[in-house]
Participant: 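Once you've had a glance at the structure underneath, I'll fire off some questions.
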Amino acid sequence: MLTRKQHELICFIADRLNETGVSPSFEEMKEALDLKSKSGVHRLISALEEREFIRRLPNRARALEVLRMPERKAETAARKKAPASPASSTSLPAAANDVVEIPLHGRIAAGTPIEALEGATMLPVPAALLGAGEHYALEVAGDSMVEAGILDGDYALIRRTESARDGEIVVALIDDAEATLKYFRKEGAMVRLDPANRSYDAQRYRPDQVRVQGRLAGLLRRY
């Protein structure tokens, strides 16, 4: 599942490529999505690239290729109305006998998104993995937290909270548009969001740009 802004951007890029054969400029993407700055476009592009919806073509300016399109809303709605098949009922990891069900809000790139991801799917979770408080789950996409043991396809179990201490792994909403799963740290007057993968750089924001959406409480993994 993509955030609304990510969905709008990939549709805009695909439409422009179909019409002209040339990728839109960052300025055109910024204006089309009504973003405040081109840095927001860069973050959206990076998130789509990490989740393998698009790729940048090397040695060419303004060169983007759409690898796949997100699922259409009509198809998603139709599948929600249809009765679950035996295969779909076993697609989530099996839980232990003592379980609770928490909302599964979709996929979050360990490198970027949840912009209020919604979903009616419930995930059975061993009660021992959860402490006090309200929880939800997100399926991880990407590899920016692999050195913290958080892998692509894992289910991140998130305790809802709006605060965090230095060094905690949080879901942080950036500019009220997209979110990321990262280590939370304060750096002077800035907030720094650190990946757990040496291939990725830390992200720095003003405190008013970042809103904590929850704190990592546990993980589930399929084998």
Participant: Should T180 and L193 count as side-chain neighbours, where that means a heavy-atom distance under 4.5 Å?
Facilitator: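 Yes; the side chains approach each other to less than 4.5 Å.
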
Participant: Keeping K5 on the side-chain end and L33 on the backbone end, is there a donor-acceptor pair under 3.5 Å?
Facilitator: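 Checking the backbone N and O of L33 against the side chain of K5, a donor-acceptor pair under 3.5 Å is found.
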
Participant: Using side-chain contact (heavy atoms from CB on, under 4.5 Å), reason through D143 and D152 one step at a time and then give a plain yes or no.
Facilitator: CA-CA 6 Å; D143 62 358; D152 184 80; 5.9 Å; no

Participant: If you compare all heavy atoms of P207 against all heavy atoms of A189, which two are closest, and at what distance to 0.1 Å?
Facilitator: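 Looking at all heavy atoms of both residues, the closest pair is CD-O, 3.2 Å.
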
Participant: Between V140 and M145, does the side-chain contact (heavy atoms from CB on, under 4.5 Å) criterion hold? Intermediate values first, please.
Facilitator: CA-CA 9 Å; V140 175; M145 295 298 288; over 6 Å; no

Participant: Before you tell me yes or no, could you show the steps for L219 and Y155 under side-chain contact (heavy atoms from CB on, under 4.5 Å), namely the whole-Å CA-CA distance, both residues' side-chain angles and the distance that decides it to 0.1 Å?
Facilitator: CA-CA 6 Å; L219 285 174; Y155 291 91; over 6 Å; no

Participant: Walk me through whether E162 and R211 qualify under salt bridge (Lys or Arg N to Asp or Glu O under 4.0 Å).
Facilitator: CA-CA 7 Å; E162 295 181 357; R211 189 151 52 93; 5.8 Å; no

Participant: Please answer: with hydrophobic residues joined when any side-chain heavy atoms are less than 4.5 Å apart, are V146 and L220 in the same cluster?
Facilitator: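 No, it is not one cluster - the side chains of V146 and L220 are not joined through contacts under 4.5 Å.
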
Participant: Please tell me if the side chains of I54 and L9 come closer than 4.5 Å, counting only heavy atoms from C-beta onward.
Facilitator: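 No, side chains not in contact.
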
Participant: What pair of heavy atoms forms the shortest contact from I169 to A148, and how long is it?
Facilitator: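 Shortest heavy-atom separation between I169 and A148 comes out as CD1-CB, 4.3 Å.
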
Participant: Identify the heavy atoms of A14 and M69 that sit nearest to each other, and give their distance.
Facilitator: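 That would be CB-SD, 3.8 Å.
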
Participant: Any side-chain heavy atom of K36 within less than 4.5 Å of one from D175?
Facilitator: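 Contact flag for K36/D175 side chains = no.
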
Participant: Is the backbone of L67 close enough, under 3.5 Å, to the side chain of E52 for a donor and an acceptor to pair up by distance?
Facilitator: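 No: the side chain of E52 does not pair with the backbone of L67.
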
Participant: The criterion is side chain to side chain donor-acceptor pair (under 3.5 Å); which residues satisfy it with D34, sequence neighbours excluded?
Facilitator: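 Listed in chain order: nothing, the list is empty.
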
Participant: Do the side chains of P195 and K182 get nearer than 4.5 Å, heavy atoms only?
Facilitator: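 Yes; the side chains approach each other to less than 4.5 Å.
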
Participant: Please report the shortest heavy-atom distance between Y205 and R43, naming the atom on each side.
Facilitator: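 Nearest heavy atoms, Y205 then R43: OH-CD, 3.1 Å.
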
Participant: So, does T121 use its side chain to make a donor-acceptor pair with the main chain of L104 at under 3.5 Å?
Facilitator: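 Not confirmed, T121 side chain does not pair with L104 backbone.
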
Participant: For S163 and V212, run side-chain contact (heavy atoms from CB on, under 4.5 Å): C-alpha distance rounded to whole Å, both residues' side-chain angles, the deciding distance at 0.1 Å, then the answer.
Facilitator: CA-CA 6 Å; S163 63; V212 173; over 6 Å; no

Participant: Would you say that V125 contacts H135 through its side chain, given a criterion of any heavy-atom pair below 4.5 Å between the two side chains?
Facilitator: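 Of all side-chain heavy-atom pairs linking H135 with V125, none is under 4.5 Å.
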
